[in-house]
Amino acid sequence: MRALPIRVAALAAALTAALALTSCGHDGGTEDSHRDTGDSGDSGSKNTDVAACRPDDVTLTAGPVSAAPAAGDTGQVPVTLTNRGARCSLRGFPVVRLKSDSTTWAVPADRTSTPRDLTLATGDAALFTLTYVRGREGDGTSLPATSLTVALPGTAHGTSFSWSYGPVGATATAGTPDASVTAFQLAGD
């Protein structure tokens with residue numbers, strides 16, 4: 001058997017991962033779409049030539065989800081933001097919260113993800129990914145999430161999606177989900 005150079009092997013692994021994320025199957029997840037009706041605020045963009053994307057002018061879609069099948073497994077929830085308004089700018093990380101009936105947990109940013117200044121024309125899309133570790137049912141330390149709320153940077157109100165992917169694991173810091181969100185990136189990048 002011939003050994004592949006490391007670059008070729010890494011490219012093959014990256015391509016396989018990309019194809020897995022764009023596959024047609026939902027793996028137990030759902031594909032939800034909601035129009036955000038939150039207040040319009042600064043998206044956190046430093047692009048001064050173009051106004052910040054407004055929540056009223058974007059549509060958020062979650063899925064297809066790669067749900068974690070068992071406790072300790074990792075799942076991914078891609079969320080796509082489509083601009084339905086005038087050209088706008090976007091920068092940074094989304095504000096993401098997991099919720100149960102009585103508790104809300106902020107999902108931290110993946111600090112290995114680098115925010116970029118994005119300009120979205122009408123119809124353009126950006127995306128981010130929520131990665132989480134599934135917790136154990138009823139173990140007292142897992143977070144029993146029932147919904148996911150997503151808001152643009154600098155805004156208070158967001159769009160909610162049903163969470164049907166099981167409890168989310170917690171980190172050693174009490175009440176912090178074992179989860180993270182990437183910065184926005186242009187869809188297709």
Side-chain angles (χ1 to χ4, degrees), residues 17-18 20-27 29-67 75-101 103-132 145-165 168 177 179-189:
L21 288 175
T22 59
S23 67
C24 295
H26 290 200
D27 294 329
T30 61
E31 193 167 322
D32 294 325
S33 180
H34 299 276
R35 184 162 173 86
D36 192 341
T37 58
D39 67 0
S40 57
D42 178 22
S43 73
S45 174
K46 303 299 181 207
N47 186 342
T48 58
D49 296 344
V50 180
C53 292
R54 297 170 15 102
D56 291 342
D57 293 334
V58 301
T59 301
L60 292 168
T61 306
V65 173
S66 175
Q76 293 186 323
V77 181
V79 178
T80 303
L81 173 149
T82 304
N83 180 24
R84 299 290 178 217
R87 186 176 140 163
C88 65
S89 64
L90 184 66
R91 178 180 173 79
F93 294 87
V95 177
V96 178
R97 294 180 180 87
L98 291 168
K99 295 182 177 185
S100 70
D101 292 336
T103 308
T104 300
W105 304 277
V107 178
D110 176 351
R111 292 299 170 187
T112 64
S113 177
T114 305
R116 298 181 354 201
D117 287 319
L118 304 179
T119 300
L120 303 177
T122 302
D124 282 354
L127 61 87
F128 72 89
T129 301
L130 163 69
T131 301
Y132 71 99
T146 56
S147 68
L148 166 71
T149 301
V150 177
L152 295 178
T155 62
H157 301 288
T159 301
S160 290
F161 301 93
S162 176
W163 182 270
S164 59
Y165 317 114
V168 176
S180 65
V181 293
T182 62
F184 288 105
Q185 63 182 15
L186 286 176
D189 277 359

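The model shown is predicted, which means the values in this text are computed figures rather than measured ones.
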How long is the span from the CG atom in L152 to the NE2 atom in H157, to the nearest 0.5 Å? 12.5 Å
Can you find a heavy atom in the side chain of C53 that is under 4.5 Å from one in the side chain of L120? yes
Under 3.5 Å, side chain of T129 to main-chain N/O of T182, donor-acceptor pair present? no
Only one of V77, L148, V79 clears side chain to side chain contact (heavy atoms under 4.5 Å, CB included) with V96; which? L148
Supply the atom-to-atom distance L186 CG to L81 CG, rounded to the nearest 0.5 angstrom. 11.0 Å
For the residue pair Y132 and Y165, categorise the inter-ring angle as parallel (less than 30°), tilted (30 to 60°) or perpendicular (more than 60°). tilted
Would you find a donor on one side and an acceptor on the other, under 3.5 Å apart, between the side chain of S147 and the backbone of F161? no
Atom pair CG (N83) and OG1 (T119), whose distance is rounded to the nearest 0.5 Å: 10.5 Å
Return the minimal non-hydrogen interatomic distance between T80 and A125, and the atom names on each side. CG2-CB, 3.8 Å
Judged by modelled atom types alone, do S160 and T149 share a side-chain donor-acceptor pair under 3.5 Å? yes
Heavy-atom nearest pair, P153 first then V95, reads CA-CG2, 4.3 Å
Rounded to the nearest 0.5 Å, what separates atom CG in L130 from atom CG in L98? 6.5 Å
Going from OG1 on T155 to CZ on R54, what distance comes out if it is rounded to the nearest 0.5 angstrom? 11.5 Å
Can you see which heavy atom on T122 is nearest to which on R87, and at what distance? OG1-N, 4.5 Å
Only counting residues at least two apart or in another chain, list the ones meeting ring-ring contact (aromatic ring centres under 6.0 Å, His included) with F128. F184
Checking A86 now: which residues fulfil side chain to side chain contact (heavy atoms under 4.5 Å, CB included) with it, not counting sequence neighbours? none
For residues 106-113, run the donor-acceptor check on the side chains, cut-off 3.5 Å, and write out each pair with its distance to 0.1 Å, sequence neighbours left out.
{"unit_1": "D110", "atom_1": "OD1", "unit_2": "T112", "atom_2": "N", "d": "2.9"}
{"unit_1": "D110", "atom_1": "OD1", "unit_2": "T112", "atom_2": "OG1", "d": "2.5"}
{"unit_1": "D110", "atom_1": "OD2", "unit_2": "T112", "atom_2": "OG1", "d": "3.3"}
{"unit_1": "S113", "atom_1": "OG", "unit_2": "A183", "atom_2": "N", "d": "2.8"}

Rounded to the nearest 0.5 angstrom, the OG1-CD distance for T114 and Q185 is 11.0 Å
Do V168 and W163 have side-chain heavy atoms sitting under 4.5 Å apart? yes
Closest heavy-atom pair and its distance - L127, A187: CD2-CA, 3.8 Å
